[in-house]
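Down below is the structure, laid out as structure tokens.
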Amino acid sequence: MSMYLLTTLAAPLLLQSAPDAGSAADAASEPLPKVTSIDQMPIEQSASIRCGLAFAVVSRWQNQDDSRGEAYPDMTAEGGREFFVRSLVPLMEDRAMTRVEVQSLIMREARELEQVDDGGQVQAMMPACLLMKRSSGL
């Protein structure tokens, strides 16, 4: 997944929905520690971020008319993008991470996800991720 794609998907919504790191620090007396890997986060948050990344990959497949994206709902129209952004906001709010820190973390995770078996991991994740998205109300 290119940095351009992730920036295109996440940046506008992050800029609109997330507070500055300073206001996040004011809201909580002690922010949670920053993370360098989503494996350092509680399972609910790490699963949410991984699913958001899977939705971004599927969205790219769909935009490029890649047959791997045909089996899934339209990620743009069906809330995949919004789910992705909502999964990132707690990193900024709860952990007082900057946008640059979040983007760096997500890019690392995206590279790892894409290196696995030509999309097989994404396809294996999608049934559970679609359930997670549906249960979120999106």
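For clarity, every value in this text was computed on a predicted model and none was experimentally measured.
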Open item on the list: Go through it in stages, so that I can follow the logic: the residues are R50 and D39, the test is side chain to side chain contact (heavy atoms under 4.5 Å, CB included), and I'd like the CA-CA distance, side-chain angles, deciding distance and then a yes or no.
Closed with: CA-CA 10 Å; R50 283 192 175 98; D39 292 330; 2.3 Å; yes
TODO: Let me see the working for M132 and F83 under side chain to side chain contact (heavy atoms under 4.5 Å, CB included), right down to the final yes or no.
DONE: CA-CA 9 Å; M132 184 181 286; F83 184 93; 3.6 Å; yes
TODO: Apply side chain to side chain contact (heavy atoms under 4.5 Å, CB included) to the pair W61 and Q123, showing each step before the final yes or no.
DONE: CA-CA 12 Å; W61 291 343; Q123 292 171 332; 4.1 Å; yes
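Judged by distance alone, the side chain of Q62 and the main-chain N or O of M75 form a donor-acceptor pair under 3.5 Å. Listed for the S136 side chain is a donor-acceptor partner under 3.5 Å among the backbone atoms of K133. Formation of a donor-acceptor pair under 3.5 Å by the E112 side chain with backbone atoms of E109 is not found in this model. Looking at R108, its side chain does come within 3.5 Å of a backbone N or O of T36 through a donor-acceptor pair.
If you take CG on L32 and CD on Q40, they are separated by 12.5 Å, rounding to the nearest 0.5 Å. We find the CD1-OG distance between I38 and S87 to be 8.5 Å, quoted to the nearest 0.5 Å. Between atom CZ of residue F55 and atom CE of residue M125 there is a gap of 8.5 Å, rounded to the nearest 0.5 Å. Atom OG of residue S104 and atom CE of residue M97 lie 8.0 Å apart, to the nearest 0.5 angstrom. Between E101 atom CD and K34 atom NZ the span is 3.5 Å, to the nearest 0.5 Å.
Side-chain contact between P73 and L130 is present, with heavy atoms from C-beta onward closer than 4.5 Å. Between V122 and Y72, every side-chain heavy-atom pair lies at or beyond the 4.5 Å cut-off. Within the 4.5 Å cutoff, the side chain of I106 has no heavy atoms near those of the Q103 side chain. Counting heavy atoms from C-beta outward, R99 and L88 have side chains that stay 4.5 Å or more apart. Between M92 and V102 there is a side-chain heavy-atom pair separated by less than 4.5 Å. Counting heavy atoms from C-beta on, the side chains of P90 and R95 never come closer than 4.5 Å. When side chains are defined from C-beta on, S59 does not count as touching R81, because their heavy atoms never get closer than 4.5 Å.
The minimum heavy-atom distance between V35 and L91, with the atom names listed, is CG2-CD2, 4.2 Å.
Under the salt bridge (Lys or Arg N to Asp or Glu O under 4.0 Å) criterion, R68 pairs with D66, D118, sequence neighbours left out.
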